[in-house]
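A quick write-up on the structure given underneath.
Just so we're clear, the structure is a prediction, and the values are computed from it rather than from any experiment. The figures that follow rest on heavy atoms only: side chains count, while hydrogens, waters and symmetry mates do not. Residue numbers start from 1 in every chain, and the chains themselves are labelled A, B, ... in the order their sequence lines are given, proteins ahead of strands.
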Amino acid sequence: MAVDKKGVISALEEIALLLELTGANPFKARAFQNGARALANYEGDLRAGLDGGELAKLKGIGKSLLGEIKSLLETGESPARVELRAQIPAGLLEMLKIPGLGPKRAHELHEKLGVESVGELEYACKENRLLKLPGYGEKTQAKLLKGIDYIRKFSGRHLLSDAWTRADDLVERLQQHPGVSRIELAGSIRRRKETIGDIDILVATDEPAAVSEMFVTFAEVEEIIGHGDTKSSVRLESGIQVDLRVVPEQSFPFALHYFTGSKEHNTVLRQRAKDRGLRLNEYGLFHVDDHGEAIGESVAAMDEAELFAALDLAYIEPELREDRGELLAAESGALPELLQPGDIRGALHNHSTWSDGAHSIEEMARAAQALGWEYIGLSDHSQTAFYAHGLKPDDILRQHEEIDRLNERLDGIVILKGIESDILPGGALDYDDDVLESFDFIVASVHGNFGLDRKKQTLRSVRAVQNPFTSVLGHPTGRLLLAREGFDLDMDEVIAAAGESGCAIELNANPHRLDLDWRDLPKAVKAGVKISIGADAHRTEGLKDLRYGIALARKGWLRATDVLNVLGLAELKPMLRRSGCP
DNA sequence: GCCGTTTTCGGCCCGACTGTTTTCAGTCG
């Protein structure tokens, strides 16, 4: 069975991990990681790129990787992976998820103790068998047991919304310390990743010990993982790990950049520095001598913008620092002017008590107005969604009467009549045309029959976006972060179809969804698709989730002009009823 | 395994912290 691009990339990543587990040359493993990365950043079709010779020209793809990729595309398997899998038990890969256990020790434990899985490792720890190995002591064994406990209790990742809220609270409290002169949230929260491994907080202070002490003694700290001069790590009761880094004032911009990451972005930026005879680390940007030793003081920088400028780059927003072309764009002045929260004028896709929402239409409208919105789109569930009290045609009539009355009565906010129509398995919408015609807009979403095969699932969404009544394709992958994979479909094909037909695609701002995936947003923009940032609010507080949608829109390189709901009502309305509608 | 105006061999980003070591390897970000 052949695999798609995602399959090829994950195969190369797996090979890299397996290589590390064999104890092979670590640079060989890194070569596979780099190759996977090169493919992830490659925009074209792999098959075509392979046949046309484009892949062979990619930096990081050599003769050997090309062979593996070819084999994966043609047969669905790669000789290297088959061979490695035969050598390495699958349980060893699982073991790498244990915090504090890396490939070297996983390999060693396998070799010397015959441990092949997380469960076996747990047993070996409890039998004190690790203590017999050189370099292992009581603490290591206890730490591994704790790590096993941790991955069983938590997935190891957290929603952006949860981590961000908690992090803001910690920052606010640390700020109270008189010794703190600067403080910023760094890491993947600052980059607005949709899920977060741990919270990174950076502080500039001349009282590092006191600030660190305050941090590790917060009431919700359950465990102190590490506590050094410049770095402390704790685990909170909620399971999330928080790292605090403490640096002197003049290092702050360099440290902020460094600890914001991503690792991949940092690597290419450090390489760029190196190419210029400089060394970049969290303390500064230094000139180096012939022996590669840093000399003298750091190049001065008040902020990150000056750091980038010292490397002849425009300022790169944190959201873009993923090594997905941002350096090239920063070099050539091609960085986008990103969407701002203030650009948003309202949002479609919200629910009320008419289907499965918790608040009335009026309550939702007033809450939207309080947020400064000019309009709110109401889109309760359609009739097939019986589990969510989907609306029958006569419900819709009555709901529209209520909206008309409210629109007459309310000042300063306009309620748009919409529906979140299920996309039926064949791709049709959930009402007859005469009912569909009565709405201002229609969000079409898949809510059931997730198990259709890739071809049928793709066709289903393609038909939905080709339907002239569909204004927006809602949460296009159907994923629930940390809970459920999206359904199997060819998103490139769906995006292309939406581009041709003029249908918008949603970036659903619900923190469990954040769907369309930010990685696909640039593709959608390139195809001429407008993005509708939808709140998918089921209660008034849910409207505020739009901030997560805006954050991820920025991460996906969106400018205001790429977004549907930056438009005022007069411009928006015609966009919602496309040509072809009766 | 990949790469190259320092090119076909010899590098491949950099530093903090921990645990187990008397000088360092492993892990992490």
Looking for any heavy atom pair under 4.0 Å, which part of the strands does [X] touch: base, sugar-phosphate only, or nothing?
| X | result |
| --- | --- |
| A:Leu12 | nothing |
| A:Leu58 | sugar-phosphate |
| A:Lys143 | nothing |
| A:Leu65 | sugar-phosphate |
| A:Ile61 | sugar-phosphate |
| A:Asp229 | sugar-phosphate |

Side chain of A:Asn25, base of B:dG1: donor and acceptor closer than 3.5 Å?
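Counting by modelled atom types and ignoring angles, a donor-acceptor contact under 3.5 Å is found here.
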
Assess A:Arg547 against A:Trp164: is NZ or CZ under 6.0 Å from the centre of the six-membered ring, and within 45 degrees of the ring's axis?
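Flagged: A:Arg547 positioned over aromatic ring of A:Trp164.
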
Can A:Arg190 be said to sit on top of A:Phe259's aromatic six-ring, NZ or CZ under 6.0 Å from centre and within 45° of the ring axis?
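Judged by the rule (NZ or CZ under 6.0 Å from the ring centre, within 45° of its axis), A:Arg190 is not positioned above A:Phe259.
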
I need the CG-P distance between A:Leu285 and B:dC14, as an integer number of Å.
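One finds 12 Å between P of B:dC14 and CG of A:Leu285, rounded.
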
If you only use heavy atoms from C-beta on, which nucleotide in B:dT27, B:dC14, B:dC17 is closest to the side chain of A:Lys274?
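My answer, after comparing the listed nucleotides, is B:dC14.
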
Reading DNA chain B from 5' onward, which residue's closest nucleotide shows up sooner: A:Ala56 or A:Phe27?
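Checking each residue's closest nucleotide, the 5'-ward one belongs to A:Ala56.
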
Taking for each residue the nucleotide of DNA chain B bearing the nearest heavy atom, is the 5' side occupied by A:Pro134 or by A:Tyr258?
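It is A:Pro134 whose nearest nucleotide is closer to the 5' end.
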
Regarding A:Glu223 and A:Tyr150, is there a side-chain donor-to-acceptor distance under 3.5 Å anywhere?
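Their side chains do not contain a donor-acceptor pair, so the 3.5 Å distance test is not met.
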
